[in-house]
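Position 1 is the first residue of the sequence; numbering continues from there. Both counts, for ligands and for their atoms, begin at 1 and track the order of listing.
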Amino acid sequence: MFFLTSYLALAIAHYLLLFCNGQTTHTVTVGQLGSFYDPPQLLTGVNDTVTFIFAGDNHTVTQSSFDNPCSPLAGGFDSGIVINSNSNSSNAPSPMWTIRITNSSEPIYFHCETGDHCKDGMVGVINPPNNQAFMQFQSSAMIATPSVRICGSK
Ligand SMILES: *[C@@H]1O[C@H](CO)[C@@H](O)[C@H](O)[C@H]1NC(C)=O
Ligand SMILES: *[C@@H]1O[C@H](CO)[C@@H](O)[C@H](O)[C@H]1NC(C)=O
Ligand SMILES: *[C@@H]1O[C@H](CO)[C@@H](O)[C@H](O)[C@H]1NC(C)=O
Ligand SMILES: *[C@@H]1O[C@H](CO)[C@@H](O)[C@H](O)[C@H]1NC(C)=O
């Protein structure tokens, strides 16, 4: 009973904290059953977090730009290759990786760097400037020359 009460208190405190700060936690599933980023585009507020759940094996979340969809952005974020050796087991936990959004007016474009994933269309955007941005970004990714991963550079 004590446990339940204190857990409830904690949960309520946590909820109030979230409520007061107006922050939301968004999740994006990565590579589940051969899919790409789900959802591939989302809108956030300032200080919201986006957690990528690596359901599939061997993917990255690597920041790029609208003009160069399949090339890492200089100074941008990169999850690095995430291996999920449990990807075939539906009840095993998946690795997660989280970013915090500091400016919700600035679109954040990202792609998967492994294999041909980017040019197959594995891209996403946070806070797209308009409804067409994701489709345009994905189309140009599918004709982009993928970046070269130089051995030992990361
Ligand atoms: C976001 O977080 C920063 C640092 O904690 C804070 O200064 C700022 O007021 C927050 N902005 C919003 C809109 O919550
Ligand atoms: C998951 O299963 C697929 C298809 O059976 C197989 O190709 C892949 O190597 C497996 N992945 C892991 C991490 O065991
Ligand atoms: C947020 O991003 C927009 C668009 O890039 C930019 O105009 C604005 O100055 C940025 N705001 C801050 C506080 O950095
Ligand atoms: C992950 O993908 C890279 C290609 O980008 C490949 O060289 C590597 O063997 C893959 N690793 C696994 C564990 O599938």
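If you look at Asn58 next to ligand 4, the close heavy atoms, those under 4.0 Å, all belong to the side chain.
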Sequence neighbours excluded and cut-off under 3.5 Å, please list the side-chain donor-acceptor pairs for residues 32-44, or say none.
from: Ser35; atom 1: OG; to: Gln32; atom 2: N; distance (Å): 3.4
from: Ser35; atom 1: OG; to: Gln32; atom 2: O; distance (Å): 2.7
from: Tyr37; atom 1: OH; to: Thr60; atom 2: O; distance (Å): 2.7
from: Tyr37; atom 1: OH; to: His111; atom 2: O; distance (Å): 3.2
from: Tyr37; atom 1: OH; to: Cys112; atom 2: N; distance (Å): 3.1
from: Thr44; atom 1: OG1; to: Asn127; atom 2: ND2; distance (Å): 3.1

Output side-chain donor-acceptor pairs under 3.5 Å for residues 95-107, partner residues at least two apart or in another chain, one line each.
from: Thr98; atom 1: OG1; to: Thr51; atom 2: OG1; distance (Å): 2.8
from: Arg100; atom 1: NH1; to: Asn47; atom 2: O; distance (Å): 2.9
from: Asn103; atom 1: OD1; to: Ser105; atom 2: N; distance (Å): 2.9

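In terms of N/O distances under 3.5 Å, ligand 4 is approached by Gly115.
Linking ILVMFWY side-chain heavy atoms closer than 4.5 Å, directly or via other members, places Ile108 and Val50 in a single hydrophobic cluster.
Sorted by chain then number, the residues whose non-hydrogen atoms approach ligand 3 to under 4.0 Å are Asn103, Ser105, Glu106.
Between Phe54 and Ser79, some side-chain heavy-atom pair lies under the 4.5 Å cut-off. By the 4.5 Å heavy-atom criterion applied to side chains, Val28 and His26 are not counted as neighbours.
Applying the side chain to side chain donor-acceptor pair (under 3.5 Å) criterion to His117, with sequence neighbours excluded, gives His59, Thr114.
Within ligand 1, counting atoms from 1 as listed, the ones closer than 4.0 Å to a heavy atom of Asn47 are 1 (C), 2 (O), 3 (C), 8 (C), 10 (C), 11 (N), 12 (C), 14 (O).
Between Phe110 and Phe52, the two ring planes are perpendicular [angle over 60°; tilted spans 30° to 60°].
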